[in-house]
Amino acid sequence: LVGHRNYPRYVDLGSVESIDAAIGGWREQAAFGAASSTSSRGLVRRSPATGEQLEQYLVAASELRRLVRDPLDEELGACERLFLSPAGGLNLVAFPALATDTGEFLLESGPVVHRLPSERTLCGDAVGPASPAALVVGDPDFGNRGGESAESDSDCPSLEDLWFTPLPGAGAEAAAMVELWRTSQLPTPVHLAGEDATEERFKALAPGNAMIHVATHGFVLPPPCSEETGTGIRDNPLLRSGLAFSGANARLREPAGEDDGVLTSEEIAALDLADTHWAVLSACDSGVGDIRARGEGAFSLARSFQIAGARSVIMSLWAVDDEATREWMAELYDARVADGMETGVAVQEASSRILARRRAAGESVHPHYWAAFAASGDWR
């Protein structure tokens, strides 16, 4: 349905099968053809994108655009803002990164795009200014496992197989945010880093903050690989995704029932984040999860923060690089805090600045470097 000129219109996009196939091809190219559902921020090391990889991406991105975006053009006209409440696999698409037939991106010419968990979000009451209280997490001390390998050769990886490496870019990202708050004459955020960035402290401190920023490893485990594994934890999508905190690599030695350094999406959903205007999930695949029913969206980390009450969530749609994420987040907060932009505009502006800078420097403009993050929820 397209709402325009005060009346709704129905536009048929075609078969789910053809669209899902195009989404799959696009996501493979967006991740350099090496997407991993168990990867987390910084663990995926890729060489710079080649010209051939960019060309392959543009082909896939143009095909997907023709299926899901072109049919709307007549109804949308010259709109300045596009609200999307995607269903099914469309939850996993970075729409501004779709390509035109001339090799440009929709980001460069299209309207500001903002996601809605549901159409009801548009009807939400406006809220007053958020309090300046903020909580920032960056580069927890994950610990070690006595030199054990970080790799798993399992065809059906589980939480026990995950190993979390240090994230210096995340540490610098969090420190820069704290400095921005200081220079903007806002109260200094609570800053959790290193050994202090524990699961227990995060759960205790998160409620009451208008802004929560978490720069750490995120993970999404695949669905059960067989009937034998299809019960309990492996059957619950909110127990197969989460965030890593201090001590996460020692979790197998923790007594049952103790905070183990891994905060699952189910635990996040149980928090009280009704005062949170912005939750920024600077981690891999934070917007990725099971899609089980039409209209339900993805059962992801981002979804769990929204269930907990966060009004707007900034999330990633694939496995992100540590340094590229640090750069993007710096632009996001400059647009939001220094320039006072609304959520959807700030997200798009951050991507636009990095894309323009890479073009000017003659660097690859592959969307892997600038398009991984999207906003969902209140657009203000």
Side-chain angles (χ1 to χ4, degrees), residues 11-41 43-44 46 49-50 52-72 84-101 103 105-107 110 113 115 155-157 218-226 230 234 237 240-241 283-303 315-321 351 364-374 376:
V11 179
D12 188 352
L13 299 182
S15 72
V16 172
E17 291 77 11
S18 61
I19 292 175
D20 282 347
I23 291 172
W26 172 83
R27 284 186 59 78
E28 183 178 358
Q29 296 303 324
F32 290 9
S36 171
S37 62
T38 60
S39 62
S40 46
R41 171 175 171 164
L43 287 184
V44 177
R46 299 187 179 94
T50 65
E52 181 181 1
Q53 286 171 320
L54 177 59
E55 288 300 320
Q56 291 172 341
Y57 172 84
L58 292 174
V59 170
S62 295
E63 178 185 354
L64 183 55
R65 186 214 77 233
R66 285 190 286 270
L67 289 174
V68 303
R69 182 64 173 79
D70 285 4
L72 306 181
L84 296 175
S85 181
L90 293 172
N91 282 278
L92 308 180
V93 174
F95 288 89
L98 298 184
T100 69
D101 291 333
F105 300 101
L106 296 190
L107 174 73
V113 177
R115 294 165 181 259
D155 292 331
C156 189
F219 66 88
V220 182
L221 293 168
C225 303
S226 67
R234 297 306 298 276
R240 288 190 276 105
S241 62
C284 280
D285 294 323
S286 53
V288 177
D290 285 11
I291 299 173
R292 294 194 166 186
R294 186 183 298 269
E296 280 293 325
F299 286 86
S300 62
L301 270 167
R303 175 76 172 273
M315 59 189 180
S316 63
L317 299 175
W318 56 72
V320 295
D321 175 77
S351 295
S364 173
V365 294
H366 194 291
H368 171 74
Y369 299 106
W370 54 266
F373 288 92
S376 176

For [X] and [Y], which heavy atoms make the closest approach, and how far apart are they?
X	Y	answer
Pro86	Asn91	O-ND2, 3.5 Å
Gly287	Ser300	C-CB, 3.6 Å
Ala372	Val320	CB-CG1, 3.5 Å
Ala97	Ala61	O-CB, 4.1 Å
Phe105	Val365	CZ-O, 3.6 Å
Leu72	Val68	CD1-O, 3.9 Å

At what distance, to the nearest 0.5 angstrom, does [atom1] of [X] lie from [atom2] of [Y]?
X	Y	atom1	atom2	value
Cys284	Leu317	SG	CG	11.5 Å
Leu58	Glu63	CG	CD	13.0 Å
Arg27	Leu64	CZ	CG	11.0 Å
Ser241	Leu301	OG	CG	4.5 Å

Is there side-chain contact between Leu90 and Ile19, with heavy atoms separated by less than 4.5 Å? yes
Does any part of the side chain of Leu106, heavy atoms only, come nearer than 4.5 Å to the side chain of Val113, both counted from C-beta? no
Take Asp101 and Arg66 through the test side chain to side chain contact (heavy atoms under 4.5 Å, CB included) and record every step on the way to the result. CA-CA 9 Å; Asp101 291 333; Arg66 285 190 286 270; 2.8 Å; yes
I'd like to know if the side chain of [X] and the backbone of [Y] have a donor-acceptor N/O pair within less than 3.5 Å.
X	Y	result
Asp285	Ala319	yes
Ser286	Ala302	no
His366	Thr50	no

I would like to know whether Arg240 and Phe299 meet side chain to side chain contact (heavy atoms under 4.5 Å, CB included); could you show each step before the answer? CA-CA 10 Å; Arg240 288 190 276 105; Phe299 286 86; over 6 Å; no
I would like to know whether Tyr369 and Asp321 meet side chain to side chain contact (heavy atoms under 4.5 Å, CB included); could you show each step before the answer? CA-CA 8 Å; Tyr369 299 106; Asp321 175 77; over 6 Å; no
Worked verdict on Met315 versus Val288 for side chain to side chain contact (heavy atoms under 4.5 Å, CB included): CA-CA 9 Å; Met315 59 189 180; Val288 177; over 6 Å; no
